[in-house]
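Structure first, commentary second.
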Amino acid sequence: MNTSSASPQEIKELDQSDPLSAKRGEFLIPADIIYLNGNSLGPLTKNSQQRAQEVVQEQWGKDLIASWNTHAWIDLPFTAGEKIAKLIGAAQQQLVCCDSVSINLLKVLASALQMQPSRNLILSQEDNFPTDLYVAQGLETLLGAARCKVKTVAEPDLAQELDEDVAVLLLTQVNFRNGDKHDIERLTSMAKARGILVVWDLSHSVGVLPLQMDKWEVDFAVGCGYKYLNGGPGAPAFIYANKKHHEAIKQPIQGWMGHREPFTFDPDYKNAAGMAQFLTGTPPILSLAVMDSALDVFADITVTDISRKANALAELFLDLVKDDEDLHSLTLESKADSAFRGAQLAFSHPDAYGICRALNKASVVVDFRSPNIVRFGFSPLFLRFEDIWRATQIIKKIVKEKTYLADEFSLRLKVT
Ligand SMILES: *Cc1c(COP(=O)(O)O)cnc(C)c1O
């Protein structure tokens, strides 16, 4: 018997007193779906839908190439970048919105290494998001180990590995699998004391956790546009570079958009000042415009409120599943204390894949993460407390009745 779980009346009150409740109306989410996957692909906003139509039909369709100037397409990497700056505690002119996280990481890591001529180590965590490690490994192959060597260690060993050989500390704040959260301020200051530059990947943090890039004296950061920022599939990512480094940046994917004067068609590359030097080729305007409009959803709210609600949603979820005998086969892999995790909960189960498929079929959209994790994401802008209650009821039913063992749920799809 579980006597301490929130009652339907209490859940109703949580929704009624939610300062973000009106935000759901700014999204287009199918009525029957409980979307616990905003951390993988944020849903479509009405703003973005309208903007996509406007850019395609009115701007590209009617104004053609003049739109680069008349509709300020050329400025979009910075227009969108400044909106992201407000979400990560960065003063103006330190953000640009472009390319993917992977590509941005290459630019930033190569820049940071060149600022550390007497050191060659990139230190990271062995369970960092794989693309971050792949990019660092690619740089090692390209530059040779004398110039770039990647070292990965387990999370508990990070602090003791911060020594004078390390050029760059590359970490993701929130672990994609279990949601473990790093203390950026603490690790950044430890690194700084040993002359190490830091690169933070904010992909699972931006738009849902309070961040203070400037105050914490972070050197560089990158992050994803299609998760909590709801920028759309393959949305452009972003780069933060602390102003104090702008003079020293040398990023290797030099392209005309990062040139000081792209339209003089100078045969020699001369990098632009500031964040523009991180640009490479022509920005994908359709994606970037959609991203830019998605960011407007954040204009009149605070990340503190967003983060508080994310925690409350996850706490309610935990409250509703705890002490349920049918769910004992699910093991919580995330930190129980919300201070040490991002806006997600991960549970392991031997049949995690089947459970995810069965949940998705029952309209509770969640992620499977190899090898055995069911991942629930709590995007506060469109989720209601009532959704959490409904989701947990469905989870209980599926696990209790072992629906997930049906043959139809065993076949692995291409994207999991
Ligand atoms: C989602 C995610 C990425 C995405 O990288 P892309 O190159 O933009 O596909 C990178 N790093 C982390 C930690 C992520 O969670």
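Remember, it's 1-based here, ligands and their atoms both numbered in the order they're listed. This one's a predicted model, so the numbers in the text were calculated from it and none came from an experiment. In what follows, residues are counted from 1 in the order of the sequence shown.
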Can you tell me which residue among D296, D300, D305 is in a salt bridge (charged side-chain N to carboxylate O under 4.0 Å, His left out) with K23? D300
Is V101 touching ligand 1 with its side chain, its backbone, both, or neither, if touching means heavy atoms under 4.0 Å apart? both
Taking only heavy atoms of T172, which atoms of ligand 1 are found under 4.0 Å from at least one of them? 13 (C)
Face-on cation placement of K396 at F317 ring, 6.0 Å and 45° thresholds: no
At what distance is the nearest protein heavy atom to atom 7 (O) of ligand 1, and which residue and atom is it? S102 OG, 2.5 Å
Below 4.0 Å, non-hydrogen atoms only: which portion of Y226 touches ligand 1? Side chain, backbone, both or neither. side chain
Quick test: of every protein heavy atom, which one is nearest to atom 14 (C) of ligand 1, and how far off is it to 0.1 Å? K227 NZ, 2.7 Å
Is it the side chain (CB and beyond), the backbone, both or neither of F129 that lies under 4.0 Å from ligand 1, heavy atoms counted? side chain
Quick one: are L41 and P233 in side-chain contact, heavy atoms under 4.5 Å? yes
List the steps and the verdict of salt bridge (Lys or Arg N to Asp or Glu O under 4.0 Å) for D326 and K402. CA-CA 10 Å; D326 296 322; K402 295 196 165 44; over 6 Å; no
At under 4.0 Å between heavy atoms, which part of A237 makes contact with ligand 1: side chain, backbone, both or neither? neither
Less than 4.0 Å between a side-chain N and a carboxylate O, is that true for D219 and K192? no
Does I103 approach ligand 1 within less than 4.0 angstrom via side chain, backbone, both or neither, non-hydrogen atoms only? neither
Are the aromatic ring centres of F27 and F382 under 6.0 angstrom apart? yes
Closest approach of any protein heavy atom to atom 11 (N) of ligand 1, naming residue and atom: D201 OD2, 2.8 Å
